[in-house]
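Structure, as structure tokens:
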Amino acid sequence: MDEFEHELDLLRALGLKESNLRREYEEKVARLREEPAQLRAEGLDEESIARELHRRRELGRIYKEAAPPLFREYIYAATAARYGDPLGPGFEQLRRTKSCAQIIESAAHPIKNLDDRHTVDGFRQWYKARKHDGPH
């Protein structure tokens with residue numbers, strides 16, 4: 001069984017939301033809910049708190065790096081296609097459409113429809129296109 005088939009079997013068996021790695025990530029993201037009140041008590045303003053909670057992007061990078069190699073490439077490619085950056089939107093990009101309060105609120109909520117964004121079929125199609133374009 002080649003690497004792609006192995007990763008595809010893992011994805012089919014676990015899905016994305018049910019993997020231990022994804023659950024661990026979601027727990028860490030959920031813990032971010034506790035931080036705004038503490039940061040306000042320390043005297044930080046809304047923008048500073050939003051910037052602090054935007055470290056969720058780095059948390060996402062850490063967990064993406066822990067994914068199986070081919071699937072990690074697929075996630076980065078799909079994220080880049082959606083946001084123009086393989087790690088997702090940067091703080092300044094978010095500020096074009098969200099208030100600091102909205103950034104703070106959304107930082108503690110993982111993507112609900114992840115299985116709609118990164119799918120078995122999407123992974124398969126990405127891999128076929130990747131093979132056609134040559135190794136990366």
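Side-chain atoms are counted along with the backbone in the values below, which use heavy atoms only and exclude waters and symmetry mates.
- The heavy-atom pair separating Ala78 from His118 by the smallest distance is CB-CE1, 3.5 Å.
- For the residue pair Arg56 and Pro110, the shortest heavy atom distance occurs at NH2-CA, 3.5 Å.
- When the side chains of ILVMFWY residues are joined at heavy-atom separations under 4.5 Å, either directly or via intervening members, Leu59 and Ile111 end up in two distinct hydrophobic clusters.
- With salt bridges taken as basic N to acidic carboxylate O contacts below 4.0 Å, none links Glu92 and Arg96.
- Looking at every heavy atom in both residues, Gln102 comes nearest to Thr97 through OE1-O, 4.1 Å.
- To the nearest 0.5 angstrom, Asn20 atom CG is 13.0 Å from Arg22 atom CZ.
- Using a cut-off of 4.0 Å between Lys/Arg side-chain N and Asp/Glu carboxylate O, Glu27 and Arg23 are scored as not salt-bridged.
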Exercise for the section: Using the side-chain contact (heavy atoms from CB on, under 4.5 Å) rule, take Ile103 and Leu53 through it: C-alpha gap first, then chi angles, then the decisive distance, then the call. Expected result: CA-CA 8 Å; Ile103 292 170; Leu53 267 61; 5.9 Å; no
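- Across every non-hydrogen atom of Ala108 and Arg33, the tightest pair is CB-CG, 3.1 Å.
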Practice task
Apply side-chain contact (heavy atoms from CB on, under 4.5 Å) to the pair Arg57 and Leu94, showing each step before the final yes or no.
Solution key: CA-CA 12 Å; Arg57 188 172 191 250; Leu94 287 173; over 6 Å; no
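- Contact of the Glu73 side chain with the Trp126 side chain is registered, since non-hydrogen atoms from C-beta on lie closer than 4.5 Å.
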Practice task
Report the C-alpha separation of Val29 and Glu26 in whole Å, then their side-chain angles, then the decisive distance to 0.1 Å, and conclude whether the side-chain contact (heavy atoms from CB on, under 4.5 Å) test is met.
Solution key: CA-CA 5 Å; Val29 168; Glu26 288 187 0; 5.5 Å; no
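- Panel note: side chain Arg55, backbone Glu52; a donor-acceptor pair is recorded below 3.5 Å.
- Between atom CD1 of residue Ile62 and atom NZ of residue Lys28 there is a gap of 7.0 Å, rounded to the nearest 0.5 Å.
- A distance-only check finds no donor-acceptor pair linking the side chain of Arg82 to the backbone of Gly88 [under 3.5 Å].
- Interatomic distance, Arg61 CZ to Thr79 OG1, rounded to the nearest 0.5 Å: 13.5 Å.
- The shortest side-chain heavy-atom distance between Arg124 and Phe4 falls under the 4.5 Å cut-off.
- The shortest heavy-atom contact between Cys100 and Glu47 is SG-CA, 3.5 Å.
- Distance check: Phe91 CZ to Lys98 NZ gives 11.5 Å after rounding to the nearest 0.5 Å.
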Exercise for the section: Show your working on side chain to side chain donor-acceptor pair (under 3.5 Å) between Tyr76 and Glu65 and close with a plain yes or no. Expected result: CA-CA 10 Å; Tyr76 279 142; Glu65 286 298 315; 2.6 Å; yes
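- Residues Glu7 and Pro68 share a closest heavy-atom pair of CD-CB, 3.3 Å.
- The distance from atom NZ of Lys64 to atom CD of Glu58, rounded to the nearest 0.5 Å, is 10.0 Å.
- Going from atom CD1 of Ile75 over to atom CG of Leu87 covers 11.5 Å, rounded to the nearest 0.5 Å.
- Side chain of Arg130 to main chain of Tyr74: no donor-acceptor pair is present (N/O by atom type, distance under 3.5 Å, no hydrogens or angles).
- In the hydrophobic clustering of this structure, Leu44 groups with Ile104; members are Ile, Leu, Val, Met, Phe, Trp, Tyr whose side-chain heavy atoms approach within less than 4.5 Å, directly or through other members.
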Exercise for the section: Might you work through the side-chain contact (heavy atoms from CB on, under 4.5 Å) test for Gln38 and Glu34, ending with a clear yes or no? Expected result: CA-CA 7 Å; Gln38 173 68 33; Glu34 303 162 8; over 6 Å; no
